[in-house]
There are 4 protein chains.
Amino acid sequence: MSHAETLSAEKEQQILDGAAAVFAAEGYEGASMSRIAAEAGVSKGTLYNYFESKAELFTAFVRRECHRILFVFDDLTDDTPLEEGLCRVGERMLRMLVSEPGLLIYRMVVAEAGKFPELAHAFYGAGPARVKERMAEWIRHHAECGRLQVEDAEFAAEQLSALMQTQLCMKRRLRLIESVPDAEIHRVVECAVKLFLSGYGAKPAVPT
Amino acid sequence: MSHAETLSAEKEQQILDGAAAVFAAEGYEGASMSRIAAEAGVSKGTLYNYFESKAELFTAFVRRECHRILFVFDDLTDDTPLEEGLCRVGERMLRMLVSEPGLLIYRMVVAEAGKFPELAHAFYGAGPARVKERMAEWIRHHAECGRLQVEDAEFAAEQLSALMQTQLCMKRRLRLIESVPDAEIHRVVECAVKLFLSGYGAKPAVPT
Amino acid sequence: MSHAETLSAEKEQQILDGAAAVFAAEGYEGASMSRIAAEAGVSKGTLYNYFESKAELFTAFVRRECHRILFVFDDLTDDTPLEEGLCRVGERMLRMLVSEPGLLIYRMVVAEAGKFPELAHAFYGAGPARVKERMAEWIRHHAECGRLQVEDAEFAAEQLSALMQTQLCMKRRLRLIESVPDAEIHRVVECAVKLFLSGYGAKPAVPT
Amino acid sequence: MSHAETLSAEKEQQILDGAAAVFAAEGYEGASMSRIAAEAGVSKGTLYNYFESKAELFTAFVRRECHRILFVFDDLTDDTPLEEGLCRVGERMLRMLVSEPGLLIYRMVVAEAGKFPELAHAFYGAGPARVKERMAEWIRHHAECGRLQVEDAEFAAEQLSALMQTQLCMKRRLRLIESVPDAEIHRVVECAVKLFLSGYGAKPAVPT
DNA sequence: GATGAATGAGGGTTCATTCAT
DNA sequence: AATGAATGAACCCTCATTCAT
């Protein structure tokens, strides 16, 4: 992206793959260009033909991972039934959050927010902020249809997102567990949606 | 505890203070023992009299920070009114999460979970797990009193915790904002408790 | 001369021009083949088609510069009046010594005499030695005509050369000054010739 | 000089000796800190305990060499007879110029004047300029005593200095010769002084 | 017990050179 | 003949760790 197209795009991906492996295992500071080169199967010099510095390689790697991850709303339309839509979006979000690439990028961006503020900003904009925004739109739509009673759609969206991030998520972030069974995900999402709807769902008319 | 009585506990704290400053600013890999020694006002050799290695110093520092942070339930009793208790606990938790020491420890543990799995474990046990456990007890108490309708108190506690961690929290973790106004905290906590109670609060008897 | 006829002499000069610019700015070790290639507007590979190595390119560049510089005696004939000839030669020599190309070559050859002894030898032969020899011939001619009283013409030539290299010259070599006004040059040369003639000029017959 | 006195002055000299050997052989850019460490018999790290960087080590080395070299006028008094004084000073200067340390420092300062302008400046001030000034004073003294006819004593001093730097000097600078016989030095100095006095010496009264 | 000079492996980066295209 | 991507050794420098004082 930031480099001439004369260099092989294939090799660039190869390098980024190597970088992903090493950054994931060692973090930014802990990763060495030597190891990345070895992991990617290229020489150390080649790294510098593709990326000007370790920092730029890291940046490119984070940006690529960000793009790979953000697909949460791809096929949600206004016609999707309320509860089904909430569950589908929630499930996707949670799956992404506990997936290996999702965790990787979360850890790295949080860890290096001080050194790479622009990355933190880009991550927030492309990730949480975008999800919130899109979700708020959808919530607003359903509120207008009378199926939700929401005043601040954006905040409601934040709450829904937050409800997905129970300790399941935390445990993955801390690498206390290696994988997450589907059943767990379903349960978390279902309960989150239930709680959400109990607060924001249209109240049944109370019979007089 | 692991050291001979000949070493001064005071100096140990002095070193940990220096370590805290440098680890906070530079991260684990970025921190140098020289800088820590300078910051702590001792010689490099002394560092190694108190801690066997950089890794052990880091471990000790993280453990101390963990202990400093966990005070959430200190004065909550069974008599505390339900909503007030929820708010008080939530507020403390959120304040801790967005505080500089809280963020520091969160970032470091998440970042180095791969290299220091035992730290991640200890952090989880001393932090999220303990909070959840304590909160679940309290919820269970109120459920037994009929003020809450909760089947799985632990999961409910997780949800309440999760609701505190809206994007306010994320923004702090990403260093997108430098501080958090009290009003913001109040609002997040209040809304969290409201949503929580809408789902778990005792339903008013429906008139027949 | 050492290359196949398939290579373009034009491009060779182009490369040497690039090399001159970079060697002048960075010195031998400081210059990079990449920068030379860029400066010359050719690829790195092409450099190696024309010159076997960095050392050979440097050698070729120094030799070319040597040739460019040596023009001191071009139009001096036996008929040129003594003092005028001395001044003209002196002035040219001094101008050459303080000129940018002259300084460049002097600095580089002196700096790299250890690594490139054959270059130092070639430089001496093409420069100082040739000037001395040519000047000695001319001095000898005037001695035979009775206008100079010289026993060792070669040594006298060395002295005349030496007299041109006052601190003006040194200051330029040390880059303490950026340019030399004509008046300064005239003065140095004039005084040098005057001193020279006071020692070697034919003594007026002492009246009996 | 620029460092705390806590480090061993002995080892500092040891390092500077190693640096001298390597800088002399390879030049500034060509010298590697590894080789200097090996030559000095210390580890690479130790180099950096004593000198902050390669540039600073080079600077320290040049300054030390400068101080070692400047002793030309140490015992010249106003009572020293004219011709003897001129010869003595000239001889010392020439010996210094063709000595290994003298050449070393000349080569390095000329070669790196672009990169280390402050060194070039310091060298000029401590070397050529100081010699000129001191020599001019002495010449002025003899002029006042009527033994010399000099208008611009400083310029005359420059000329005398210049006359020492015949091709003997140049050959050493180019490493074309390894050593200089005393006889050569004597001859150059004697002829220089003779020429100098023929121009600036008090003229014998011409008998009427 | 405290010090900090010494170590040397390893860090990121550059660069002369090669070679497939 | 010309290119420039690839290489890997070597660059300057940092740092966790040791140990004589």
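None of these values were measured; they are calculated from a predicted model. Keep in mind that the numbers below use all heavy atoms, side chains included, and drop hydrogens, waters and symmetry copies.
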Worksheet item: Which nucleotide sits closest to the side chain of A:Tyr48: E:dG12, E:dA5, E:dT17?
Response: E:dG12
Item to complete: Evaluate the ring planes of D:Phe116 and D:Tyr28, with Trp represented by its six-membered ring, and classify them as parallel (under 30°), tilted (30 to 60°) or perpendicular (over 60°).
Response: perpendicular
Discussion item. Testing the basics here: between B:Arg107 and B:Arg173, what is the closest heavy-atom pair and its distance to 0.1 Å?
Written reply: NE-O, 3.3 Å
Worksheet entry | Toward the 5' end of DNA chain F, by each residue's nearest nucleotide, A:Val42 or D:Ser32 | A:Val42
Discussion item. My understanding is that a pair needs two contacts under 3.5 Å, Watson-Crick or G-U wobble. By that rule, which nucleotide pairs with F:dA6?
Written reply: E:dT17
Discussion item. How many whole angstroms separate atom CD of B:Glu12 from atom P of E:dG1?
Written reply: 14 Å
Item to complete: Could you tell me the separation between the CZ atom of C:Phe51 and the P atom of F:dA1, rounded to a whole number of Å?
Response: 15 Å
Worksheet item: Can you tell me how far C1' of E:dG8 sits from CZ of D:Arg35, to the nearest Å?
Response: 20 Å
Worksheet item: Starting at CD of A:Glu10 and ending at P of F:dA6, how long is that distance when rounded to a whole Å?
Response: 11 Å
Practice prompt. Between A:Ser34 and C:Glu29, name the one whose nearest nucleotide on DNA chain E is closer to the 5' end.
Written response: A:Ser34
Fill in: Value in whole Å for how far the C1' atom of F:dT21 lies from NZ of D:Lys11
14 Å
Discussion item. Just the rounded figure in Å: distance from P of F:dA6 to CE of C:Met33.
Written reply: 20 Å
Item to complete: Tell me whether the OP1 or OP2 atom of E:dT13 has a side-chain N or O from A:Lys54 closer than 4.0 Å.
Response: no
Discussion item. If you only use heavy atoms from C-beta on, which nucleotide in E:dT17, F:dC12, F:dG4 is closest to the side chain of C:Ser53?
Written reply: E:dT17
Discussion item. Tell me the closest heavy-atom pair linking A:Ala20 and A:Glu65, and the distance in Å.
Written reply: CB-OE2, 4.3 Å
Fill in: Among F:dC12, E:dG8, F:dT7, the nucleotide that comes nearest once only the side chain of A:Thr46 is considered
F:dT7
Worksheet item: Contact class for C:Ala31 (heavy atom, under 4.0 Å): base, sugar-phosphate, or nothing?
Response: sugar-phosphate
Discussion item. Without decimals, in angstroms, what is the distance between D:Leu47 CG and F:dC12 P?
Written reply: 10 Å
Discussion item. E:dG4, OP1 or OP2 - any side-chain N/O from B:Ser43 closer than 4.0 Å?
Written reply: no
Discussion item. If I compare all heavy atoms of A:Leu174 with all of B:Ala113, which pair ends up nearest, and what's the gap?
Written reply: O-CB, 3.6 Å
Practice prompt. Mind calculating the distance between NZ (D:Lys44) and P (E:dT7) to the nearest angstrom?
Written response: 13 Å
Worksheet item: Would you find a donor on one side and an acceptor on the other, under 3.5 Å apart, between the side chain of B:Glu56 and the backbone of B:Phe51?
Response: no
Worksheet, complete the sentence: Side-chain atoms of D:Asn49 come closest, of F:dA5, E:dA6, E:dT3, to E:dA6
Worksheet, complete the sentence: The answer to which of A:Gly45 and B:Gly45 contacts DNA chain F further toward the 5' end, by nearest nucleotide, is A:Gly45
Discussion item. What contact category does A:Ala37 fall into here, base, sugar-phosphate, or nothing, at under 4.0 angstrom with non-hydrogen atoms?
Written reply: nothing
